[in-house]
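Below: one structure, written as structure tokens.
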Number of protein chains: 2
Amino acid sequence: MTSVDEPARSNGRIRDAARTRAEILDVATREFARAGYDGARVDEIAARTRTTKRMIYYYFGGKEQLFTAVLERAYGVIREAEQELDVDHLDPVAAIRRLAEVTFDHHEQHPDFIRLVSIENIHDAEHIAASEKLGRIGSPALDVIRRILTAGQESGLFTADVDAVDLHAMISSFCFFRVANRHTFGALFGRDLVDPGQRAHYRAMLGDMVIAYLTAERSPDRSGDRHTS
Amino acid sequence: MTSVDEPARSNGRIRDAARTRAEILDVATREFARAGYDGARVDEIAARTRTTKRMIYYYFGGKEQLFTAVLERAYGVIREAEQELDVDHLDPVAAIRRLAEVTFDHHEQHPDFIRLVSIENIHDAEHIAASEKLGRIGSPALDVIRRILTAGQESGLFTADVDAVDLHAMISSFCFFRVANRHTFGALFGRDLVDPGQRAHYRAMLGDMVIAYLTAERSPDRSGDRHTS
DNA sequence: TGACTAACGTACCGGTTCGTACATTAGCGG
DNA sequence: CCGCTAATGTACGAACCGGTACGTTAGTCA
């Protein structure tokens, strides 16, 4: 036993605002991701913290603002990861594949973030809308995609009429679905999309898909369109 | 005024078990999809029904079972839609594109269903797991995909090593993401993925993507793999 | 037609849960 | 070393919400 009965005053400071705040955010992230916004319990978050519920209201104001703060930090993490992306030395095909792989990995490594995004969508992204911080975050990944696309299109490797935001949506779709819908998909089709043994397979599949789309010759006639002649 | 003060006995029967049950399911579907499982209020569902809260417990037993019943019916709808799918008269390329379009349309037309699936995933698909009905539902779309893939692979049009469940996941990813993440994506990137003016664009994009993937020659060397020589 | 049961309504309970009033202490500046 | 304030803890309240006990009526069938 390090100390008798009093709370263990481990690292000198017993009053550390930044530390308390960060710990609340950590626990709240897990709790919101676990149970959803309405399913999460403020008392439960407090209980798993070394501080009390009072502090949650002291630092964040309320449950709603706490959730917004959780979202802001979660999006901040992905933003930082995207900023570290460096694919300028690669040729367009390899660069896109690398980008897809990084996106794939990031989604897999942050299932809580995926859940928070799902939850926020159930609430019509009203917390993002209310947050000034999140309004002007702007994905760095988009700039990367734009640069790669331009290079690929100028060299004639890529189809010309592909938009960066659309491509980002396409890559994210696959990565997001795999993690977000893991449970229903597994229950209905008997296949775990996040099975470690299948990881390399799905990672390659995503890259193949994106490259195939970008390098394919677009056929002019499409089923569903009327003007065939 | 059709009647004095008593409840309007419009269509003959005032006691109709099947009708009451169905009305509860209708309202519950909307309420659960709107607010999530924990956000939904049993009292609110009852209030929007022509009956009372007592009947919810009379017919379904509780909130949890009601949600399960809602899920069962929602999945039943998509199952029926898939069974109507008839693409056997089309060549493999057109058939896959048609399948993708039907999936695309169904997701767009049933945003509440998408929300329910998201919500169920937040709860680790525990309601699906607890439902006997949903355990043995098995997507008819999968059979269709299997047939098309076999035909396409035998004729040499499609890449041989593509699995039906994987392709289903790929198509669903795009369709699902577009609807499910509409709000966060719109808030962060300023683009509404469900904008009617962009509908045809994204529908064609999905078809192009899938066809490109299926008809592309797989390059043996992939970035990230070690065995390049 | 009368009685039996499925179907329905009312009123209420008890636990939960967000939020807060009030008391207290640590640590820093002067 | 003293006082001031940021930081923290305790105890509690009021509304909410899932669920139920109990009473009532419609429809049906012998």
Side-chain angles (χ1 to χ4, degrees), chain A residues 3 5-28 30-32 34-70 119 123 126-127 130, chain B residues 3-28 31-32 34-70 119 123 126-127 130:
Chain A
S3 77
D5 215 331
E6 294 123 13
R9 318 181 169 208
S10 45
N11 20 350
R13 289 273 193 88
I14 194 167
R15 293 203 166 184
D16 188 335
R19 207 207 170 292
T20 302
R21 228 188 102 99
E23 190 180 0
I24 292 173
L25 274 181
D26 282 340
V27 176
R30 286 199 295 272
E31 173 71 0
F32 279 124
R34 183 188 65 82
Y37 178 78
D38 291 289
R41 300 286 161 243
V42 176
D43 283 298
E44 184 65 21
I45 295 172
R48 295 186 185 277
T49 306
R50 256 175 292 182
T51 182
T52 64
K53 185 167 56 161
R54 176 69 184 78
M55 288 299 96
I56 293 174
Y57 290 90
Y58 182 73
Y59 283 114
F60 298 96
K63 190 182 182 181
E64 204 101 19
Q65 293 109 300
L66 175 60
F67 184 71
T68 304
V70 164
I119 292 160
H123 294 86
E126 59 190 14
H127 303 95
Chain B
S3 78
V4 230
D5 216 333
E6 293 122 13
R9 312 173 175 220
S10 45
N11 19 350
R13 290 273 193 87
I14 194 168
R15 294 203 166 183
D16 188 336
R19 206 205 172 293
T20 303
R21 227 188 102 97
E23 190 179 0
I24 291 173
L25 273 181
D26 283 340
V27 176
E31 173 71 359
F32 279 124
R34 183 187 66 80
Y37 177 77
D38 291 290
R41 298 285 159 245
V42 176
D43 283 299
E44 184 64 23
I45 295 171
R48 295 186 185 276
T49 305
R50 256 174 294 182
T51 183
T52 63
K53 185 166 58 161
R54 175 71 183 79
M55 288 298 96
I56 293 175
Y57 290 89
Y58 183 73
Y59 283 116
F60 298 96
K63 189 183 183 182
E64 204 102 18
Q65 293 108 301
L66 176 60
F67 183 71
T68 304
V70 164
I119 292 160
H123 293 86
E126 60 190 15
H127 302 95

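Quick caveat, the model's predicted, so the values are computed rather than measured. To find a chain, count down the sequence lines: A is the first, B the second, and so on, and within it residues start at 1.
Between the side chain of B:R50 and the backbone N or O of B:A47, no donor-acceptor pair lies under 3.5 Å. A donor-acceptor pair is defined here as one N or O able to donate and one able to accept, closer than 3.5 Å; such a pair exists between the side chain of A:Y37 and the backbone of A:E64.
Atom pair A:R54:CZ and C:dC18:P shows a separation of 16 Å (rounding to whole Å applied). Between the CE atom of B:M55 and the C1' atom of C:dA7 there is a distance of 6 Å, rounded to whole Å. The distance between atom CG of A:D16 and atom P of D:dA6, rounded to the nearest whole Å, is 16 Å. As rounded to whole Å, 14 Å separates atom P of C:dG19 from atom CZ of A:F60. Here the C1' atom of nucleotide D:dA6 and the CZ atom of A:R19 are 18 Å apart, to the nearest Å. In this entry the distance linking CG of A:L66 with P of C:dT17 reads 16 Å, nearest Å. One interatomic measurement links the two molecules: CD of A:Q65 to P of C:dC18, which rounds to 14 Å at whole-angstrom precision.
Backbone-only contact: A:Y59 has heavy atoms under 4.0 Å from sugar-phosphate atoms and none from a base. In this structure, B:T52 reaches the bases: a heavy-atom distance under 4.0 Å links it to at least one base atom across the strands shown.
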Completion exercise
Per-nucleotide protein contact along nucleotides 12-17 of chain D, 5' to 3', at a 4.0 Å heavy-atom cut-off (B base, S sugar-phosphate only, - neither), is -----S
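Between atom CZ of residue A:F67 and atom CG of residue A:D38 there is a gap of 9.5 Å, rounded to the nearest 0.5 Å.
Among the nucleotides C:dG19, D:dT8, C:dC8, the one closest to any side-chain atom of A:Y57 is C:dG19. Closest to the side chain of B:Y58, from the set D:dA6, C:dA7, C:dG9, is C:dA7.
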